[in-house]
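One structure below.
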There are 2 protein chains.
Amino acid sequence: MTSTGQAGPVVDQNGRPLGPRALRTRSRLLEATRRLLDERPLRDVAVVDIARRAGTSPATFYQYFKGPEEAILELAARAADEMPGVLEELRGLAPGPGALPAARAFVRAFIAHWDRHRAVLLVRNLAAESGDRRFARVRRRALGPLLERLAALTAEGQRSGNVSRHLNPHAGGAALASIVERLSAYHRELEPTGVSLEDLVETTARILVQVATGTPPD
Amino acid sequence: MTSTGQAGPVVDQNGRPLGPRALRTRSRLLEATRRLLDERPLRDVAVVDIARRAGTSPATFYQYFKGPEEAILELAARAADEMPGVLEELRGLAPGPGALPAARAFVRAFIAHWDRHRAVLLVRNLAAESGDRRFARVRRRALGPLLERLAALTAEGQRSGNVSRHLNPHAGGAALASIVERLSAYHRELEPTGVSLEDLVETTARILVQVATGTPPD
DNA sequence: GGCAGAAGCTGAGATAGCGTCAGATCGGTC
DNA sequence: GACCGATCTGACGCTATCTCAGCTTCTGCC
(Lines give C-alpha, C1' and ligand atoms only; values in the text may rest on other atoms or scores of the structure.)
Protein backbone atom coordinates (compact mmCIF):
# COMPACT_ATOMS: atom_id res chain seq x y z
CA MET A 1 0.00 0.00 0.00
CA THR A 2 1.32 3.42 -0.97
CA SER A 3 1.20 6.37 1.31
CA THR A 4 -1.81 7.76 -0.55
CA GLY A 5 -3.82 4.93 0.85
CA GLN A 6 -4.45 3.29 -2.53
CA ALA A 7 -3.95 -0.44 -2.61
CA GLY A 8 -1.35 -2.08 -4.86
CA PRO A 9 1.78 -0.86 -6.60
CA VAL A 10 2.37 2.62 -7.95
CA VAL A 11 0.85 3.01 -11.42
CA ASP A 12 0.98 5.60 -14.19
CA GLN A 13 -1.96 7.54 -15.63
CA ASN A 14 -3.02 4.51 -17.66
CA GLY A 15 -3.01 2.24 -14.67
CA ARG A 16 0.14 0.42 -15.69
CA PRO A 17 2.44 -0.56 -12.81
CA LEU A 18 5.85 1.11 -12.79
CA GLY A 19 9.21 -0.55 -13.17
CA PRO A 20 12.32 0.57 -11.29
CA ARG A 21 13.44 3.20 -13.78
CA ALA A 22 10.00 4.76 -13.93
CA LEU A 23 9.82 4.80 -10.15
CA ARG A 24 13.06 6.72 -10.01
CA THR A 25 11.83 9.25 -12.55
CA ARG A 26 8.63 9.66 -10.61
CA SER A 27 10.58 10.25 -7.42
CA ARG A 28 12.68 12.91 -9.09
CA LEU A 29 9.50 14.62 -10.24
CA LEU A 30 8.09 14.57 -6.71
CA GLU A 31 11.29 15.94 -5.26
CA ALA A 32 11.42 18.68 -7.89
CA THR A 33 7.83 19.63 -7.08
CA ARG A 34 8.66 19.83 -3.40
CA ARG A 35 11.68 22.04 -3.95
CA LEU A 36 9.92 24.38 -6.35
CA LEU A 37 7.01 24.73 -3.97
CA ASP A 38 9.44 25.85 -1.29
CA GLU A 39 10.66 28.59 -3.58
CA ARG A 40 7.41 30.03 -4.91
CA PRO A 41 3.64 29.80 -4.58
CA LEU A 42 1.86 26.97 -6.38
CA ARG A 43 0.43 29.39 -8.89
CA ASP A 44 3.95 30.06 -10.16
CA VAL A 45 5.03 26.45 -10.35
CA ALA A 46 4.66 25.31 -13.97
CA VAL A 47 4.81 21.72 -15.09
CA VAL A 48 7.62 22.76 -17.42
CA ASP A 49 9.65 23.89 -14.41
CA ILE A 50 9.08 20.69 -12.51
CA ALA A 51 10.04 18.61 -15.51
CA ARG A 52 13.13 20.67 -16.25
CA ARG A 53 14.34 20.49 -12.69
CA ALA A 54 13.80 16.75 -12.67
CA GLY A 55 15.82 16.52 -15.86
CA THR A 56 12.92 15.28 -17.93
CA SER A 57 10.08 16.60 -20.08
CA PRO A 58 6.55 17.84 -19.37
CA ALA A 59 5.11 14.86 -21.23
CA THR A 60 6.84 12.57 -18.78
CA PHE A 61 5.36 14.44 -15.86
CA TYR A 62 1.88 13.91 -17.25
CA GLN A 63 2.60 10.23 -17.55
CA TYR A 64 2.68 9.99 -13.77
CA PHE A 65 0.51 12.81 -12.46
CA LYS A 66 -2.66 14.57 -13.58
CA GLY A 67 -1.00 17.85 -12.68
CA PRO A 68 1.08 19.55 -9.98
CA GLU A 69 -1.76 19.16 -7.47
CA GLU A 70 -1.68 15.43 -7.69
CA ALA A 71 2.03 15.40 -7.01
CA ILE A 72 1.45 17.62 -3.99
CA LEU A 73 -1.31 15.32 -2.80
CA GLU A 74 1.22 12.53 -2.69
CA LEU A 75 3.76 14.71 -0.88
CA ALA A 76 1.07 15.53 1.66
CA ALA A 77 0.36 11.85 2.10
CA ARG A 78 4.03 11.24 2.77
CA ALA A 79 4.07 14.03 5.31
CA ALA A 80 1.07 12.43 6.99
CA ASP A 81 3.10 9.26 7.39
CA GLU A 82 5.37 11.17 9.75
CA MET A 83 2.60 12.07 12.15
CA PRO A 84 2.61 8.90 14.25
CA GLY A 85 6.18 9.73 15.24
CA VAL A 86 5.16 13.24 16.26
CA LEU A 87 2.19 11.94 18.22
CA GLU A 88 4.48 9.59 20.12
CA GLU A 89 5.51 12.63 22.13
CA LEU A 90 1.97 12.90 23.42
CA ARG A 91 2.16 9.59 25.26
CA GLY A 92 3.17 11.25 28.51
CA LEU A 93 0.35 13.81 28.34
CA ALA A 94 -1.78 12.59 31.24
CA PRO A 95 -2.69 14.41 34.45
CA GLY A 96 0.42 14.59 36.57
CA PRO A 97 3.87 16.15 36.69
CA GLY A 98 4.94 14.58 33.38
CA ALA A 99 2.25 16.43 31.47
CA LEU A 100 4.02 19.71 30.85
CA PRO A 101 7.32 18.29 29.55
CA ALA A 102 5.39 15.92 27.28
CA ALA A 103 3.28 18.78 25.97
CA ARG A 104 6.40 20.84 25.30
CA ALA A 105 8.09 18.01 23.42
CA PHE A 106 4.98 17.44 21.38
CA VAL A 107 4.56 21.09 20.43
CA ARG A 108 8.21 21.29 19.43
CA ALA A 109 7.95 18.16 17.30
CA PHE A 110 4.76 19.38 15.65
CA ILE A 111 6.30 22.72 14.77
CA ALA A 112 9.39 21.00 13.38
CA HIS A 113 7.13 18.82 11.26
CA TRP A 114 5.42 21.91 9.91
CA ASP A 115 8.68 23.65 9.21
CA ARG A 116 9.78 20.66 7.16
CA HIS A 117 6.60 20.50 5.12
CA ARG A 118 5.25 24.03 5.31
CA ALA A 119 4.61 24.63 1.61
CA VAL A 120 2.95 21.28 1.06
CA LEU A 121 0.81 21.54 4.18
CA LEU A 122 -0.36 25.03 3.26
CA VAL A 123 -1.57 23.78 -0.10
CA ARG A 124 -3.12 20.76 1.57
CA ASN A 125 -5.06 22.90 4.00
CA LEU A 126 -6.27 25.37 1.40
CA ALA A 127 -7.41 22.57 -0.88
CA ALA A 128 -9.11 20.71 1.95
CA GLU A 129 -10.90 23.84 3.13
CA SER A 130 -11.93 24.63 -0.42
CA GLY A 131 -13.78 21.36 -0.59
CA ASP A 132 -11.28 19.03 -2.21
CA ARG A 133 -12.11 15.60 -0.82
CA ARG A 134 -8.75 14.01 -1.52
CA PHE A 135 -6.85 16.65 0.40
CA ALA A 136 -9.43 16.64 3.17
CA ARG A 137 -8.90 12.92 3.51
CA VAL A 138 -5.12 13.19 3.79
CA ARG A 139 -5.55 15.95 6.31
CA ARG A 140 -7.91 13.89 8.41
CA ARG A 141 -5.52 10.99 8.29
CA ALA A 142 -2.75 13.24 9.64
CA LEU A 143 -4.72 15.11 12.30
CA GLY A 144 -7.49 12.68 13.23
CA PRO A 145 -5.40 10.78 15.79
CA LEU A 146 -4.36 14.05 17.43
CA LEU A 147 -7.97 15.20 17.71
CA GLU A 148 -8.99 11.88 19.18
CA ARG A 149 -6.17 11.84 21.68
CA LEU A 150 -6.99 15.34 22.91
CA ALA A 151 -10.69 14.60 22.98
CA ALA A 152 -10.09 11.45 25.00
CA LEU A 153 -7.95 13.39 27.45
CA THR A 154 -10.64 16.04 27.84
CA ALA A 155 -13.32 13.40 28.38
CA GLU A 156 -11.17 11.80 31.03
CA GLY A 157 -10.71 15.17 32.71
CA GLN A 158 -14.48 15.54 32.79
CA ARG A 159 -14.92 12.14 34.38
CA SER A 160 -12.48 13.03 37.11
CA GLY A 161 -14.27 16.35 37.62
CA ASN A 162 -11.36 18.61 36.66
CA VAL A 163 -12.80 19.75 33.34
CA SER A 164 -16.14 21.48 32.95
CA ARG A 165 -19.04 19.32 31.80
CA HIS A 166 -20.06 22.09 29.46
CA LEU A 167 -17.15 21.46 27.13
CA ASN A 168 -17.70 19.12 24.24
CA PRO A 169 -14.63 16.87 24.23
CA HIS A 170 -14.41 16.68 20.46
CA ALA A 171 -14.80 20.42 20.06
CA GLY A 172 -12.18 20.87 22.78
CA GLY A 173 -9.82 18.51 20.99
CA ALA A 174 -10.37 20.39 17.75
CA ALA A 175 -9.74 23.71 19.49
CA LEU A 176 -6.46 22.55 20.99
CA ALA A 177 -5.32 21.00 17.72
CA SER A 178 -6.17 24.33 16.09
CA ILE A 179 -3.75 26.17 18.31
CA VAL A 180 -0.91 23.81 17.61
CA GLU A 181 -1.50 23.76 13.88
CA ARG A 182 -2.13 27.45 13.48
CA LEU A 183 0.84 28.56 15.51
CA SER A 184 3.03 26.10 13.64
CA ALA A 185 1.93 27.73 10.42
CA TYR A 186 2.37 31.20 11.84
CA HIS A 187 5.30 31.25 14.16
CA ARG A 188 7.50 32.91 11.55
CA GLU A 189 5.13 35.80 11.29
CA LEU A 190 4.87 36.08 15.05
CA GLU A 191 8.55 36.17 15.82
CA PRO A 192 9.15 39.63 14.34
CA THR A 193 6.54 40.93 16.79
CA GLY A 194 8.71 39.84 19.70
CA VAL A 195 7.21 36.46 20.51
CA SER A 196 10.01 33.90 20.45
CA LEU A 197 9.57 30.31 19.42
CA GLU A 198 10.19 29.29 23.01
CA ASP A 199 7.45 31.61 24.26
CA LEU A 200 5.14 29.96 21.79
CA VAL A 201 6.10 26.44 22.79
CA GLU A 202 5.80 27.18 26.48
CA THR A 203 2.50 29.00 26.19
CA THR A 204 0.94 26.44 23.87
CA ALA A 205 2.10 23.54 26.01
CA ARG A 206 0.60 25.12 29.10
CA ILE A 207 -2.71 25.82 27.43
CA LEU A 208 -2.83 22.24 26.21
CA VAL A 209 -2.29 20.88 29.69
CA GLN A 210 -4.63 23.31 31.37
CA VAL A 211 -7.55 22.88 29.02
CA ALA A 212 -7.26 19.16 28.36
CA THR A 213 -6.55 17.98 31.89
CA GLY A 214 -8.22 20.79 33.81
CA THR A 215 -5.21 21.09 36.09
CA PRO A 216 -3.00 24.11 35.44
CA PRO A 217 0.69 23.20 35.70
CA ASP A 218 2.97 25.31 37.90
CA MET B 1 -9.25 56.60 1.91
CA THR B 2 -10.21 53.31 0.36
CA SER B 3 -10.48 50.11 2.30
CA THR B 4 -7.11 48.94 1.01
CA GLY B 5 -5.54 51.60 3.11
CA GLN B 6 -4.23 53.59 0.13
CA ALA B 7 -4.78 57.31 0.31
CA GLY B 8 -6.89 59.15 -2.25
CA PRO B 9 -9.57 58.13 -4.72
CA VAL B 10 -9.78 54.79 -6.52
CA VAL B 11 -7.57 54.76 -9.60
CA ASP B 12 -7.02 52.49 -12.59
CA GLN B 13 -3.78 50.74 -13.56
CA ASN B 14 -2.41 53.97 -15.03
CA GLY B 15 -3.12 55.90 -11.89
CA ARG B 16 -6.04 57.81 -13.37
CA PRO B 17 -8.91 58.48 -10.97
CA LEU B 18 -12.19 56.78 -11.83
CA GLY B 19 -15.46 58.43 -12.78
CA PRO B 20 -18.86 57.13 -11.75
CA ARG B 21 -19.30 54.78 -14.69
CA ALA B 22 -15.88 53.24 -14.19
CA LEU B 23 -16.56 52.82 -10.48
CA ARG B 24 -19.68 50.88 -11.26
CA THR B 25 -17.86 48.65 -13.72
CA ARG B 26 -15.14 48.05 -11.17
CA SER B 27 -17.70 47.11 -8.55
CA ARG B 28 -19.34 44.63 -10.90
CA LEU B 29 -15.93 43.06 -11.51
CA LEU B 30 -15.30 42.75 -7.77
CA GLU B 31 -18.69 41.22 -7.18
CA ALA B 32 -18.19 38.77 -10.04
CA THR B 33 -14.82 37.76 -8.59
CA ARG B 34 -16.42 37.16 -5.21
CA ARG B 35 -19.19 35.02 -6.61
CA LEU B 36 -16.90 32.94 -8.81
CA LEU B 37 -14.56 32.35 -5.90
CA ASP B 38 -17.47 30.96 -3.93
CA GLU B 39 -18.10 28.46 -6.70
CA ARG B 40 -14.63 27.19 -7.45
CA PRO B 41 -11.01 27.39 -6.33
CA LEU B 42 -8.96 30.39 -7.40
CA ARG B 43 -6.96 28.27 -9.81
CA ASP B 44 -10.13 27.72 -11.85
CA VAL B 45 -11.23 31.33 -11.89
CA ALA B 46 -10.11 32.84 -15.20
CA VAL B 47 -10.11 36.53 -15.95
CA VAL B 48 -12.35 35.72 -18.91
CA ASP B 49 -14.95 34.27 -16.54
CA ILE B 50 -14.88 37.25 -14.24
CA ALA B 51 -15.24 39.64 -17.16
CA ARG B 52 -18.06 37.64 -18.74
CA ARG B 53 -19.97 37.44 -15.50
CA ALA B 54 -19.56 41.19 -14.98
CA GLY B 55 -20.89 41.74 -18.50
CA THR B 56 -17.65 43.22 -19.74
CA SER B 57 -14.40 42.16 -21.38
CA PRO B 58 -11.06 40.86 -20.07
CA ALA B 59 -9.32 44.00 -21.26
CA THR B 60 -11.58 46.02 -19.00
CA PHE B 61 -10.70 43.84 -16.05
CA TYR B 62 -7.02 44.53 -16.62
CA GLN B 63 -7.76 48.22 -16.68
CA TYR B 64 -8.65 48.07 -12.99
CA PHE B 65 -6.72 45.13 -11.57
CA LYS B 66 -3.34 43.53 -12.18
CA GLY B 67 -5.08 40.15 -11.99
CA PRO B 68 -7.62 38.16 -9.97
CA GLU B 69 -5.39 38.27 -6.90
CA GLU B 70 -5.51 42.02 -6.74
CA ALA B 71 -9.28 41.96 -6.86
CA ILE B 72 -9.30 39.44 -4.02
CA LEU B 73 -6.91 41.61 -2.05
CA GLU B 74 -9.46 44.37 -2.19
CA LEU B 75 -12.27 42.03 -1.21
CA ALA B 76 -10.15 40.94 1.75
CA ALA B 77 -9.61 44.57 2.70
CA ARG B 78 -13.37 45.12 2.64
CA ALA B 79 -13.88 42.08 4.82
CA ALA B 80 -11.32 43.49 7.25
CA ASP B 81 -13.45 46.62 7.52
CA GLU B 82 -16.13 44.50 9.15
CA MET B 83 -13.91 43.36 11.98
CA PRO B 84 -14.40 46.30 14.32
CA GLY B 85 -18.08 45.40 14.46
CA VAL B 86 -17.24 41.81 15.31
CA LEU B 87 -14.78 42.87 17.98
CA GLU B 88 -17.44 45.05 19.58
CA GLU B 89 -18.83 41.83 21.02
CA LEU B 90 -15.63 41.40 23.00
CA ARG B 91 -16.25 44.51 25.07
CA GLY B 92 -17.90 42.53 27.85
CA LEU B 93 -15.07 40.00 28.04
CA ALA B 94 -13.63 40.89 31.41
CA PRO B 95 -13.39 38.75 34.54
CA GLY B 96 -16.88 38.38 35.93
CA PRO B 97 -20.26 36.86 35.17
CA GLY B 98 -20.65 38.75 31.88
CA ALA B 99 -17.58 37.09 30.41
CA LEU B 100 -19.13 33.90 29.10
CA PRO B 101 -22.09 35.48 27.27
CA ALA B 102 -19.77 38.03 25.72
CA ALA B 103 -17.40 35.30 24.60
CA ARG B 104 -20.27 33.34 23.07
CA ALA B 105 -21.56 36.35 21.19
CA PHE B 106 -18.10 37.12 19.92
CA VAL B 107 -17.44 33.58 18.72
CA ARG B 108 -20.79 33.50 16.94
CA ALA B 109 -20.12 36.82 15.24
CA PHE B 110 -16.66 35.76 14.19
CA ILE B 111 -17.91 32.52 12.68
CA ALA B 112 -20.66 34.39 10.84
CA HIS B 113 -18.05 36.76 9.47
CA TRP B 114 -16.04 33.81 8.19
CA ASP B 115 -19.07 32.17 6.66
CA ARG B 116 -19.75 35.35 4.73
CA HIS B 117 -16.22 35.69 3.44
CA ARG B 118 -14.88 32.15 3.55
CA ALA B 119 -13.45 31.93 0.04
CA VAL B 120 -11.77 35.31 0.19
CA LEU B 121 -10.33 34.72 3.64
CA LEU B 122 -8.93 31.34 2.65
CA VAL B 123 -7.08 32.90 -0.23
CA ARG B 124 -5.95 35.74 2.01
CA ASN B 125 -4.53 33.35 4.57
CA LEU B 126 -2.78 31.15 2.06
CA ALA B 127 -1.23 34.16 0.36
CA ALA B 128 -0.19 35.70 3.66
CA GLU B 129 1.36 32.45 4.85
CA SER B 130 3.13 32.03 1.54
CA GLY B 131 4.92 35.29 2.11
CA ASP B 132 2.77 37.80 0.23
CA ARG B 133 3.23 41.06 2.11
CA ARG B 134 0.07 42.74 0.88
CA PHE B 135 -2.15 39.92 2.08
CA ALA B 136 -0.20 39.63 5.32
CA ARG B 137 -0.85 43.30 5.90
CA VAL B 138 -4.60 43.02 5.37
CA ARG B 139 -4.67 40.00 7.61
CA ARG B 140 -2.83 41.84 10.37
CA ARG B 141 -5.18 44.75 10.03
CA ALA B 142 -8.13 42.39 10.56
CA LEU B 143 -6.74 40.26 13.36
CA GLY B 144 -4.27 42.55 15.09
CA PRO B 145 -6.85 44.21 17.35
CA LEU B 146 -8.17 40.80 18.38
CA LEU B 147 -4.70 39.60 19.30
CA GLU B 148 -4.04 42.75 21.28
CA ARG B 149 -7.31 42.55 23.12
CA LEU B 150 -6.74 38.95 24.15
CA ALA B 151 -3.13 39.62 25.06
CA ALA B 152 -4.18 42.57 27.23
CA LEU B 153 -6.77 40.42 28.95
CA THR B 154 -4.20 37.72 29.65
CA ALA B 155 -1.72 40.26 30.98
CA GLU B 156 -4.41 41.63 33.27
CA GLY B 157 -5.17 38.10 34.47
CA GLN B 158 -1.50 37.70 35.31
CA ARG B 159 -1.43 40.92 37.28
CA SER B 160 -4.40 39.79 39.35
CA GLY B 161 -2.72 36.42 39.87
CA ASN B 162 -5.33 34.30 38.10
CA VAL B 163 -3.21 33.49 35.07
CA SER B 164 0.16 31.75 35.23
CA ARG B 165 3.21 33.97 34.95
CA HIS B 166 4.73 31.43 32.58
CA LEU B 167 2.37 32.33 29.77
CA ASN B 168 3.50 34.94 27.29
CA PRO B 169 0.49 37.22 26.88
CA HIS B 170 1.06 37.77 23.18
CA ALA B 171 1.57 34.09 22.50
CA GLY B 172 -1.56 33.39 24.53
CA GLY B 173 -3.51 35.93 22.55
CA ALA B 174 -2.29 34.39 19.32
CA ALA B 175 -3.22 30.93 20.55
CA LEU B 176 -6.76 31.96 21.43
CA ALA B 177 -7.19 33.82 18.17
CA SER B 178 -5.99 30.69 16.43
CA ILE B 179 -8.81 28.67 17.89
CA VAL B 180 -11.45 31.11 16.84
CA GLU B 181 -10.10 31.52 13.35
CA ARG B 182 -9.34 27.89 12.72
CA LEU B 183 -12.64 26.61 13.95
CA SER B 184 -14.44 29.24 11.93
CA ALA B 185 -12.68 27.94 8.87
CA TYR B 186 -13.33 24.34 9.82
CA HIS B 187 -16.70 24.08 11.43
CA ARG B 188 -18.27 22.73 8.26
CA GLU B 189 -15.88 19.84 8.23
CA LEU B 190 -16.41 19.20 11.91
CA GLU B 191 -20.17 19.07 11.87
CA PRO B 192 -20.42 15.78 9.96
CA THR B 193 -18.37 14.21 12.77
CA GLY B 194 -21.11 15.02 15.25
CA VAL B 195 -19.85 18.30 16.69
CA SER B 196 -22.60 20.88 16.30
CA LEU B 197 -21.99 24.56 15.74
CA GLU B 198 -23.38 25.22 19.22
CA ASP B 199 -20.93 22.75 20.76
CA LEU B 200 -18.18 24.62 19.02
CA VAL B 201 -19.37 28.03 20.15
CA GLU B 202 -19.85 26.94 23.72
CA THR B 203 -16.54 25.13 23.96
CA THR B 204 -14.56 27.87 22.30
CA ALA B 205 -16.19 30.57 24.42
CA ARG B 206 -15.34 28.68 27.59
CA ILE B 207 -11.74 28.11 26.59
CA LEU B 208 -11.43 31.80 25.79
CA VAL B 209 -12.70 32.80 29.17
CA GLN B 210 -10.74 30.20 31.08
CA VAL B 211 -7.39 30.84 29.44
CA ALA B 212 -7.59 34.60 29.11
CA THR B 213 -9.03 35.44 32.51
CA GLY B 214 -7.77 32.43 34.44
CA THR B 215 -11.19 31.94 36.00
CA PRO B 216 -13.18 29.01 34.61
CA PRO B 217 -16.85 29.94 34.19
CA ASP B 218 -19.46 27.68 35.76
C1' DG C 1 26.81 -10.31 -30.45
C1' DG C 2 22.46 -9.36 -32.06
C1' DC C 3 17.59 -9.14 -32.02
C1' DA C 4 12.63 -8.83 -30.48
C1' DG C 5 9.61 -6.82 -27.46
C1' DA C 6 8.69 -4.21 -23.41
C1' DA C 7 9.43 -0.11 -20.82
C1' DG C 8 10.13 4.57 -20.72
C1' DC C 9 10.61 9.08 -22.79
C1' DT C 10 9.75 13.15 -25.71
C1' DG C 11 8.90 16.44 -29.92
C1' DA C 12 5.43 18.56 -31.91
C1' DG C 13 1.00 20.47 -32.08
C1' DA C 14 -3.87 21.64 -30.94
C1' DT C 15 -6.05 24.41 -27.42
C1' DA C 16 -6.87 28.01 -24.08
C1' DG C 17 -6.03 31.74 -21.15
C1' DC C 18 -2.98 35.89 -20.41
C1' DG C 19 -2.01 40.67 -20.85
C1' DT C 20 -1.58 44.74 -24.20
C1' DC C 21 -2.74 48.43 -27.29
C1' DA C 22 -4.81 50.96 -30.86
C1' DG C 23 -8.88 52.38 -31.88
C1' DA C 24 -14.10 52.28 -31.24
C1' DT C 25 -17.92 53.86 -28.41
C1' DC C 26 -20.34 56.40 -24.95
C1' DG C 27 -22.33 60.37 -22.68
C1' DG C 28 -22.18 64.89 -21.33
C1' DT C 29 -21.37 69.89 -23.04
C1' DC C 30 -21.66 73.82 -25.73
C1' DG D 1 -24.96 67.94 -33.91
C1' DA D 2 -20.16 68.19 -33.31
C1' DC D 3 -16.70 67.79 -29.96
C1' DC D 4 -13.94 65.63 -26.25
C1' DG D 5 -12.50 63.18 -22.46
C1' DA D 6 -13.77 58.94 -20.20
C1' DT D 7 -14.46 54.26 -20.86
C1' DC D 8 -14.53 49.96 -23.17
C1' DT D 9 -13.12 46.19 -26.37
C1' DG D 10 -11.47 43.39 -30.62
C1' DA D 11 -7.66 41.43 -31.97
C1' DC D 12 -3.16 39.73 -31.40
C1' DG D 13 1.26 37.72 -29.85
C1' DC D 14 2.71 34.89 -26.09
C1' DT D 15 3.07 31.16 -22.81
C1' DA D 16 1.65 26.99 -20.65
C1' DT D 17 -1.26 22.95 -20.81
C1' DC D 18 -2.02 18.31 -22.10
C1' DT D 19 -1.94 14.61 -25.71
C1' DC D 20 -0.23 11.42 -28.99
C1' DA D 21 2.45 8.91 -32.14
C1' DG D 22 6.69 7.52 -32.53
C1' DC D 23 11.54 7.32 -30.88
C1' DT D 24 15.08 5.51 -27.63
C1' DT D 25 16.70 2.49 -24.14
C1' DC D 26 16.70 -1.55 -21.61
C1' DT D 27 16.30 -6.71 -20.94
C1' DG D 28 16.37 -11.39 -21.75
C1' DC D 29 16.96 -14.88 -25.06
C1' DC D 30 19.25 -17.35 -28.67
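Each chain gets a letter, A, B and so on, in the order the sequences are listed, and its residues count up from 1.
- Contacts of residues 63-71 of chain A with DNA chain C (heavy atom under 4.0 Å): A:Gln63, A:Tyr64.
- One can place CZ of A:Arg21 at 5 Å from C1' of C:dG8, the figure rounded to the nearest angstrom.
- A salt bridge links A:Arg141 and A:Asp81; the closest N-O separation between the charged side-chain nitrogens and carboxylate oxygens is under 4.0 Å.
- For the segment residues 48-62 of chain A, residues with any heavy atom less than 4.0 angstrom from an atom of DNA chain D are, sorted by number, A:Val48, A:Ala59, A:Tyr62.
- If you measure from atom CG of A:Asp44 to atom C1' of D:dT17, you get 16 Å, rounded to the nearest angstrom.
- When rounded to the nearest whole Å, the span between CZ of B:Arg16 and C1' of D:dG5 equals 9 Å.
- Over its length, the helix from C:dG1-D:dC30 to C:dC30-D:dG1 turns its helix axis by 10°, as judged from the five terminal pairs at each end, rounded to 10°.
- We find that CG of B:Leu18 is positioned 14 Å from C1' of D:dG5, with the value rounded to whole Å.
- Summarising the geometry, the separation between CG on A:Asn14 and P on D:dC18 is reported as 16 Å, rounded to the nearest angstrom.
- At least one side-chain heavy atom of B:Ser57 sits under 4.5 Å from a side-chain heavy atom of B:Thr60.
- If you take CD of B:Gln13 and P of C:dC21, they are 13 Å apart, rounded to a whole angstrom.
- Note that CD1 of A:Ile179 and CD of A:Glu181 are 12.0 Å apart. Values are rounded to the nearest 0.5 Å.
- The local environment of NE2 in B:His170 is sparse, with at most 12 non-hydrogen atoms from other residues, nucleotides or ligands closer than 6.0 Å.
- B:Arg108 pairs in a side chain to side chain donor-acceptor pair (under 3.5 Å) with only one of the listed residues (B:Glu198, B:Glu89, B:His113), which is B:Glu198.
- Ion pairing of A:Glu31 with A:Arg34 is present here, as a side-chain N (NZ or NE/NH1/NH2) and a carboxylate O approach within less than 4.0 Å.
- Contact check on A:Glu74 versus A:Arg78 returns a salt bridge, with a Lys/Arg side-chain nitrogen under 4.0 Å from an Asp/Glu carboxylate oxygen.
- As a whole-Å value, the separation of B:Arg43 CZ from D:dT17 P is 13 Å.
- The shortest distance between the side-chain N/O atoms of B:Thr25 and the OP1/OP2 oxygens of D:dT7 is not below 4.0 Å.
- Between A:Arg118 and B:Glu129 there is no salt bridge, since no side-chain N of the basic residue sits under 4.0 Å from a carboxylate O of the acidic one.
- Remark: B:Arg206 engages B:Glu202 in a salt bridge, criterion side-chain N to carboxylate O under 4.0 Å.
- Looking only at side-chain heavy atoms (C-beta outward), B:Leu93 and B:Phe106 stay at 4.5 Å or farther from each other.
- Between A:Arg91 and A:Glu88, at least one side-chain N (NZ, or NE/NH1/NH2) sits under 4.0 Å from a carboxylate O, which counts as a salt bridge.
- At whole-Å resolution of the value, CZ in A:Arg24 and C1' in D:dT25 are 12 Å apart.
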